[in-house]
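Reading through the structure tokens given below for one structure.
Because the structure is a prediction, the values reported are computed rather than measured.
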Amino acid sequence: MNGFFNIPHPKNEPVFSYKPGSLERKELKDKLNFLKSMQIEIPLIIGGKEIRTGVTGNCIIPHNKNHILGKYHKATEKELKMAMESAKEAWKYWANIEWDERVSVFIKAAELLSTEYRSLLNACAMLDLSKTCYQAEIDSACELIDFFRYNSYFAQEIYKNQPESVYGVWNRVEYRPIEGFIFAVTPFNFASIAGNLPSSPAIMGNVVLWKPASSAVYTAYHIMKLLQKAGLPDGVINFVPCDGKVASEVIFNSEDFSGIHFTGSTETFNSIWKTIANNLNTYKNYPRIVGETGGKDFVFVHSSASILETAVALIRGAYEYQGQKCSAASRAYIPKSLWPDLKEILIDMISSIRMGDVEDFRNFMSAVIDESSFNKIKSYIDYAKYSKNDQILIGGDCDNSKGYFIKPTLIQTTDPYSKLMIEEIFGPVLTVYVYDDNKYEETLEICNNTSCYGLTGSIFAEDRKAIQIANNILRYAAGNFYINDKPTGAIVNQQPFGGGRKSGTNDKAGSYLNLLRWVSTRSIKENFIPPKDYRYPFMESE
């Protein structure tokens with residue numbers, strides 16, 4: 001490489017408004033109609049080749065469950081082994097080309113997504129994932145664009161970071177890709193995460209097998225096609241939707257397995273970690289284990305907080321995208337002095353929320369992702385209906401006749417250790433515990449110790465001392481902590497995302513820290529003036 005090439009510091013992608021009469025609104029509606037007019041067949045993509053196994057699943061619209069967007073083929077043991085071989089072959093090329101050649105693929109992908117692919121990916125997220133146009137825009141467009149641009153920039157900055165050298169010696173560090181392949185397991189709820197988990201290791205020179213969530217294959221497939229359009233070489237990322245059991249049996253028994261980039265449930269991640277540990281003698285390297293899992297995210301309110309600002313944060317934090325965000329507000333602690341007025345405002349706001357088809361842009365919410373999620377969320381609401389400590393204040397209605405609709409639900413509990421305050425629900429259910437104003441610090445301790453998770457949380461207060469106290473007590477309760485803001489909406493390079501405790505390995509997607517997990521460094525010392533005598537000066541005679 002004859003030149004020090006420079007990627008300018010990126011800026012976060014602007015969010016389009018989609019207001020009535022705007023060009024982007026018309027393009028998006030046209031794309032929605034186009035995608036609904038056909039049913040596509042989604043193959044595996046292994047070594048750049050499309051492969052159909054005949055073992056298929058359906059891609060449906062969650063808010064109109066009888067509408068099939070496409071059928072996708074599932075990888076079996078045969079195809080997974082084929083993908084591993086394809087990745088192994090691609091590694092020989094991809095791991096050894098100049099870094100600027102690699103990142104150019106993802107910089108181009110960002111440019112394509114910001115222009116001609118924007119309406120397509122947003123329409124996919126709206127139909128496949130039941131996102132409103134705004135939720136799609138900030139996810140499948142803006143955040144994924146930001147991941148591509150910033151991760152490319154972070155790679156450059158990592159490579160620049162070199163050790164000190166002294167007279168006669170030149171020291172340098174090579175940030176090598178990891179030998180073997182990375183397994184990317186992506187969730188349904190964010191297209192940006194689905195695109196980031198396979199691409200961030202690839203940016204650093206690794207090769208990847210990508211298993212998207214079964215309920216989000218449609219969107220993931222279009223992201224894969226975007227990467228191919230941007231020039232991704234064959235075999236660098238292999239697209240292999242499959243059943244989890246098949247993946248576990250094949251991938252985790254391969255000597256070339258070298259890491260997993262995961263977002264999903266804590267239970268699944270625990271199982272994967274145990275499987276990897278039991279197979280350690282199989283692998284050439286100790287695999288990198290990077291995961292973001294569950295959350296039981298909180299909003300803690302002090303008596304000095306603004307009631308209206310708190311109410312808006314609770315509504316948006318708990319109910320945007322049907323509460324299906326790892327960071328969604330799921331439990332709230334409210335002082336008794338504020339509760340009567342706050343309760344009235346919350347009930348009034350919730351009663352005004354429109355829910356329905358995402359193509360009606362007046363709607364704030366749509367359906368949850370699938371029948372399994374619907375049944376799980378409904379079980380918690382049913383529990384509240386019969387619990388002596390819990391009271392449903394508004395919502396609680398569930399209807400799956402056309403789509404998987406659950407109305408935004410607000411529950412008040414008298415038990416701060418109710419299962420509704422402890423367990424992850426992953427739906428539009430917010431549980432409130434009302435505490436005595438003079439038990440602020442005591443209740444902060446309860447918040448800190450109630451849940452096994454440590455992903456996101458927020459404090460609402462005008463009293464600076466109260467904020468400082470909460471900041472200290474809740475230091476490990478949230479990897480992303482917000483002051484006078486909802487606990488959702490982390491932005492790449494602004495709020496690096498990830499949590500501790502049982503919320504994951506806290507490797508901070510959206511920052512250089514995550515990319516460091518996908519390299520194996522080599523220190524190189526070159527001595528220009530080697531010694532010519534083994535004896536040291538201290539050995540000379542007096």
Side-chain angles (χ1 to χ4, degrees), residues 187 189 264-271 292-301 314-315 317-319 321-334 336 339 343 346-347 350 368-398 400 404 406-436 439 442-458 473-474 476-478 487-488 499-504:
N189 58 335
S265 74
T266 301
E267 293 74 20
T268 301
F269 194 51
N270 288 349
S271 176
E292 191 255 295
T293 57
K296 187 65 178 177
D297 310 298
F298 61 86
V299 175
F300 204 102
V301 184
L314 287 169
I315 296 294
Y319 304 128
Y321 190 44
Q322 298 78 262
Q324 297 176 122
K325 299 182 180 183
C326 305
S327 56
S330 185
R331 53 185 170 128
Y333 300 82
I334 312 295
K336 189 175 291 185
W339 179 235
K343 174 182 173 181
L346 285 173
I347 291 174
I350 293 170
V368 299
I369 192 66
D370 57 22
E371 185 176 10
S372 175
S373 292
F374 177 88
N375 290 336
K376 177 187 174 184
I377 299 163
K378 184 177 182 297
S379 72
Y380 282 96
I381 293 173
D382 290 342
Y383 170 85
K385 288 178 180 178
Y386 299 102
S387 169
K388 65 179 180 179
N389 297 318
D390 306 309
Q391 178 188 5
I392 297 176
L393 302 179
I394 187 172
D397 298 323
C398 308
N400 64 351
Y404 303 109
I406 296 179
K407 285 193 174 179
T409 301
L410 180 66
I411 299 171
Q412 182 178 352
T413 185
T414 58
D415 179 9
Y417 299 104
S418 164
K419 67 182 289 184
L420 299 174
M421 298 290 283
I422 295 174
E423 298 178 12
E424 183 180 44
I425 300 174
F426 220 68
V429 179
L430 174 65
T431 305
V432 170
Y433 173 71
V434 179
Y435 69 92
D436 293 332
K439 294 184 178 180
E442 178 182 327
T443 311
L444 281 169
E445 293 288 357
I446 292 173
C447 176
N448 181 50
N449 296 317
T450 295
S451 171
C452 67
Y453 300 108
L455 190 54
T456 75
S458 66
I473 293 177
L474 301 174
Y476 288 95
T488 63
R501 295 180 175 171
K502 289 297 188 293
S503 287

Listing, residues 419-426 side-chain donor-acceptor contacts under 3.5 Å, not counting sequence neighbours, or none:
| unit_1 | atom_1 | unit_2 | atom_2 | d |
| --- | --- | --- | --- | --- |
| Glu423 | OE1 | Tyr380 | OH | 2.6 |
| Glu424 | OE2 | Gly295 | N | 3.0 |

Review point. With a 3.5 Å cut-off and no angle check, do the side chains of Ser373 and Asp370 form a donor-acceptor pair?
Key: yes
Practice item. Scan side-chain atoms only and decide if Thr268 and Ser271 contain a donor-acceptor pair under the 3.5 Å cut-off. Key: no
Review point. Could you give the distance from NZ (Lys385) to CD1 (Ile392), rounded to the nearest 0.5 Å?
Key: 5.5 Å
Practice item. Kindly give the heavy-atom pair with the smallest separation between Ile377 and Gly427, and that separation in Å. Key: CD1-CA, 3.6 Å
Study note, to complete from the structure: To the nearest 0.5 Å, atom OG1 of Thr443 lies from atom CG of Asp436 at 7.5 Å
Review point. If you take all heavy atoms of Ile369 and Gln324, which pair is closest and at what distance?
Key: N-OE1, 2.9 Å
Check your understanding: Do you know the tightest heavy-atom contact between Ser327 and Thr456?
Key -> O-OG1, 3.1 Å
**Study point:** Flag side-chain contact, heavy atom, 4.5 Å: Arg501 against Ser503
**Key:** no
Revision key, fill the gap. Between the CH2 atom in Trp339 and the OH atom in Tyr433, the distance rounded to the nearest 0.5 Å is 13.0 Å
**Study point:** Residues which pass ring-ring contact (aromatic ring centres under 6.0 Å, His included) with Tyr333, listed by chain and number, not counting sequence neighbours
**Key:** Phe300
Review point. Would you say the side-chain atoms of Asp415 and Ser418 include a donor-acceptor pair closer than 3.5 Å?
Key: no
Exercise for review: Return the minimal non-hydrogen interatomic distance between Tyr319 and Val429, and the atom names on each side.
Suggested key: CE2-N, 4.3 Å
Review point. Got a second to check how far Leu430's CG is from Leu346's CG, nearest 0.5 Å?
Key: 7.5 Å
Check your understanding: How many angstroms lie between CD1 in Ile473 and CG in Leu444, if you round to the nearest 0.5 Å?
Key -> 4.5 Å
